[in-house]
2 protein chains.
Amino acid sequence: MNQHKATIHDVARIAGVSRATVSRYLNGRKWVSQDAAANIKAAIEQTGYVANSHARALVTGRAGSVAFLLGEPQKLLFEDPNFAALLRAVADELGKRGVSFILMTTDDQSEAKRNLAYLQAGHVDGVIQVAWHKDSSEMLNGLVQAGIPTVIAEQPSDETLPVGYVHVEDYGGARKACEYLHECGAKHIAMIAGPAGPSGTRDRMHGFLDTVATFDDDSNAASRIAHGDYSASSGEVAMAQLLDADPDIDGVFVSSDTMAVGAIKELRTRGLSVPDDIQIIGFDDSSAAMLADPPLTTIRQPFQAIGKHLVDQLMRIINGEQPVGVTLPTELVVRDSTR
Amino acid sequence: MNQHKATIHDVARIAGVSRATVSRYLNGRKWVSQDAAANIKAAIEQTGYVANSHARALVTGRAGSVAFLLGEPQKLLFEDPNFAALLRAVADELGKRGVSFILMTTDDQSEAKRNLAYLQAGHVDGVIQVAWHKDSSEMLNGLVQAGIPTVIAEQPSDETLPVGYVHVEDYGGARKACEYLHECGAKHIAMIAGPAGPSGTRDRMHGFLDTVATFDDDSNAASRIAHGDYSASSGEVAMAQLLDADPDIDGVFVSSDTMAVGAIKELRTRGLSVPDDIQIIGFDDSSAAMLADPPLTTIRQPFQAIGKHLVDQLMRIINGEQPVGVTLPTELVVRDSTR
DNA sequence: ATGAAAGCGCTAACAA
DNA sequence: TTGTTAGCGCTTTCAT
């Protein structure tokens, strides 16, 4: 429509001020008179001016973008609906602040190397790392050593690392789940946990054990924990293990909805009904929970809020603040896999 | 590690040439001697130099980034596993070319406006638009009018629009599905189609009708088409409609795996077995297909290839080539929902 | 409160 | 084949 894109120069000319003044106005700095501000505002509207982010980045030394880094073994993570939920939340939040991002996936070792090099080259101001399925400390260390502001969506295994993190109250969520199962009449509860390693797995296991200890008849609930890798098929396998070892199980706390779907499949194969014979409670409240048959009672993770805090944290760190950890609450969502 | 990031200047100094020569080398241009090239290469390695993309963007007038634009009504699309698959493929492909992208979602009208304004402001070199669930011609027209290079992941409803597109052979895929159902012994085939509007829905319906016409006993197969919106619950509803209208159905071609999952749920509710009573074939080969119980026979969409072509196309258009349409083949994947 | 001027790191004529 | 030069659009001292 306009022959050429408007620059700060055009705005300055039309507003009858210098470029420096426009710049000050743009960046909300002091020393811009009411008059000047009004004129500039009008000029901006008239021209439809939008600052050129590259020119700005060049002079400020800030990229104006961050990386969303995915440590994804076995192509598993893209099948994990949680990932999409978090990505979406982060994208929303970033969009609101006008910072763009690049999505990097890390399938193998060599790719991890390439990614690290890219990030170290200063292409982005910071990184949001998600690695729910496996350990990621190597990448994390590389990032920290390069001095790149970083936040992660779990508790760091090494708490002394200067990275921000946000996660949900895993322990509390697990408690909530197990208590509800008990309220619904389950007497002999088992757990399908995620892969050992990430803090979330550990905390949820503690939540399960502590809760079950308060009302269980026997004392070795630990033997009723099986591990999966968050895939549906691993949930199937875990459920089979659990049942083979202890046929009296009448309730299962599953650490992800996807695994819960797998568990239900195994149960159906064995002719067991959910929730009549065995009650199931999932975790995440991902899209899989509603799709499941029966729809899953589950513990909701507030992905929107997680994304918001992740971005918030990262921006703070980029601005020089100390990284902190943020723990968000979970919420019980009752559907039909419990009585 | 290095006090300051290396610039083209440092590389030039170390290599004993001018910055212009380094620039030429970097951009693979002619007129760089073997000698110079070798020296520059060494200097780059030594310094760990990586070009500053903002400086480059500033001078070339190219953003070096594109937008991945999602027209998503009802928060549906993020529940659609196809979206994640495509996003991933596009991200991979873009990453290989060193172009970053920003992910934009469009939940409502006002957001659509904001997005369009942002894009028109020249923040990106082009856009990849995905709107499988609803019509998106408004946004598309805005993009085209602003002269922004655009590709879409479907056939444009207005074929005269200068946008590139890549999609799968919907008609052929539908034929493949229906023929296979017939081969497996289905005599009375129905279809659950997607929402009316997008070209894919129309073409798959034609594929279904034409194929069924070649072997069906009656002639009003059109009455055995129900529409869903790609959600599992819509598949459930559609399946119920179909069965209520015609209990003799023994095979269903469902236009997405997610809807097929819903359809199976309805079938189970009615005490019908898959594939013994009714055979089901899905579309997409998304993660839902493997998770389903029974695992779904389906028509695979080559998302990786779609992503690659989308990016390819977009880059060509950005470089001034004429947009074209690309149609990719589908593939039958046999699992357990057919006999 | 405002403007002049000096770059940020890079590419692209144009000379040489 | 190579170097010189002039900006790209913006922010930021430093004067005023």
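Letters A, B, ... are given to chains in the order of the sequence lines, protein chains preceding strands, and every chain is numbered from 1. Quick caveat, the model's predicted, so the values are computed rather than measured.
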- Note on the structure: Judged by nearest nucleotide, the residue sitting upstream toward the 5' end of DNA chain D, T60(B) or R24(B), is R24(B)

- Query: Can a salt bridge be assigned to the pair R97(B) and D312(B) using a cut-off of 4.0 Å between side-chain N and carboxylate O?
  - Reply: yes

- Task: Using a heavy-atom cut-off of under 4.0 Å over every strand shown, decide if S23(A) touches base, sugar-phosphate, or nothing.
- Result: base

- Decide whether Q129(A) and T150(A) meet the rule of one side-chain donor and one side-chain acceptor closer than 3.5 Å. no

- Query: Is there a side-chain polar atom (N or O) of S18(A) under 4.0 Å from OP1 or OP2 of dT2(C)?
  - Reply: no

- Message: It should be established whether S33(B) places a side-chain nitrogen or oxygen under 4.0 Å from OP1 or OP2 of nucleotide dT2(D).
- Response: yes

- Under 4.0 Å: is that the gap between some side-chain N or O of N52(B) and OP1 or OP2 of dC8(C)? no

- Query: Of the candidate nucleotides dT2(C), dT12(D), dC10(C), which contains the atom at the shortest distance from the side chain of T7(B)?
  - Reply: dC10(C)

- Message: So if I take every side-chain heavy atom of R19(A) and compare against dC10(D), dT2(D), dT11(C), which nucleotide ends up nearest?
- Response: dC10(D)

- Item | Residue R56(B), side-chain heavy atoms: nucleotide from dG9(D), dC10(C), dA13(C) that is nearest | dC10(C)

- Axis-to-axis angle for the helix from dA1(C)-dT16(D) to dA16(C)-dT1(D), ends of five pairs each, to 10°, equals 30°

- Message: Return the CG to CZ distance between L87(B) and R88(A), rounded to the nearest 0.5 Å.
- Response: 12.5 Å

- Message: Can you tell me if Y49(A) touches the phosphate of dC10(D), counting only side-chain N or O atoms and a distance under 4.0 Å to OP1 or OP2?
- Response: yes

- Over how many whole Å does the gap from W31(A) atom CH2 to dT13(D) atom P extend? 11 Å

- Atom OH of Y25(A) and atom P of dT11(D): how far apart are they, to the nearest Å? 13 Å

- Note on the structure: For A36(A) and T21(A), the nearest pair of non-hydrogen atoms, with its separation, is CB-CG2, 4.3 Å

- Can you tell which of dG9(D), dG9(C), dT2(D) lies closest to the side chain of V32(B)? dT2(D)

- Which one, dT2(C), dC10(C), dT11(D), comes nearest to the side chain of N27(A)? dT11(D)

- How is A57(B) classified with respect to the nucleic acid when contacts are heavy atoms under 4.0 Å: base, sugar-phosphate, or nothing? nothing

- Message: Can you measure R13(B) atom CZ to dT2(D) atom C1' for me and round it to whole angstrom units?
- Response: 19 Å

- Tell me: CD of Q34(A) to P of dT2(C), nearest whole Å? 10 Å

- Query: Quick one: which of dG3(C), dC10(D), dT11(C) gets closest to the side chain of T21(A)?
  - Reply: dG3(C)

- NE2 of H54(A) versus P of dG9(D): gap in Å, rounded? 12 Å

- Message: Looking at E138(B), I'd like to know if its CD atom is crowded, meaning that more than 12 non-hydrogen atoms belonging to other residues, nucleotides or ligands lie closer than 6.0 Å.
- Response: no

- Rounded distance (Å) that lies between atom P of dC8(C) and atom CD1 of I8(B): 14 Å

- Task: Using atom NE2 of H9(A) as one end and atom C1' of dG9(D) as the other, report the distance to the nearest whole Å.
- Result: 11 Å

- Please work out which of the three classes, parallel, tilted or perpendicular, describes the rings of F68(B) and F83(B), given edges at 30° and 60°. perpendicular

- Message: Quick one about T47(A) and D10(A) (side-chain donor to acceptor, distance below 3.5 Å, no hydrogens or angles considered), yes or no?
- Response: no

- Query: CG of L58(A) versus P of dG7(D): gap in Å, rounded?
  - Reply: 17 Å

- Query: When you check the side-chain N and O atoms of T160(B) and D158(B), is any donor under 3.5 Å from an acceptor?
  - Reply: yes

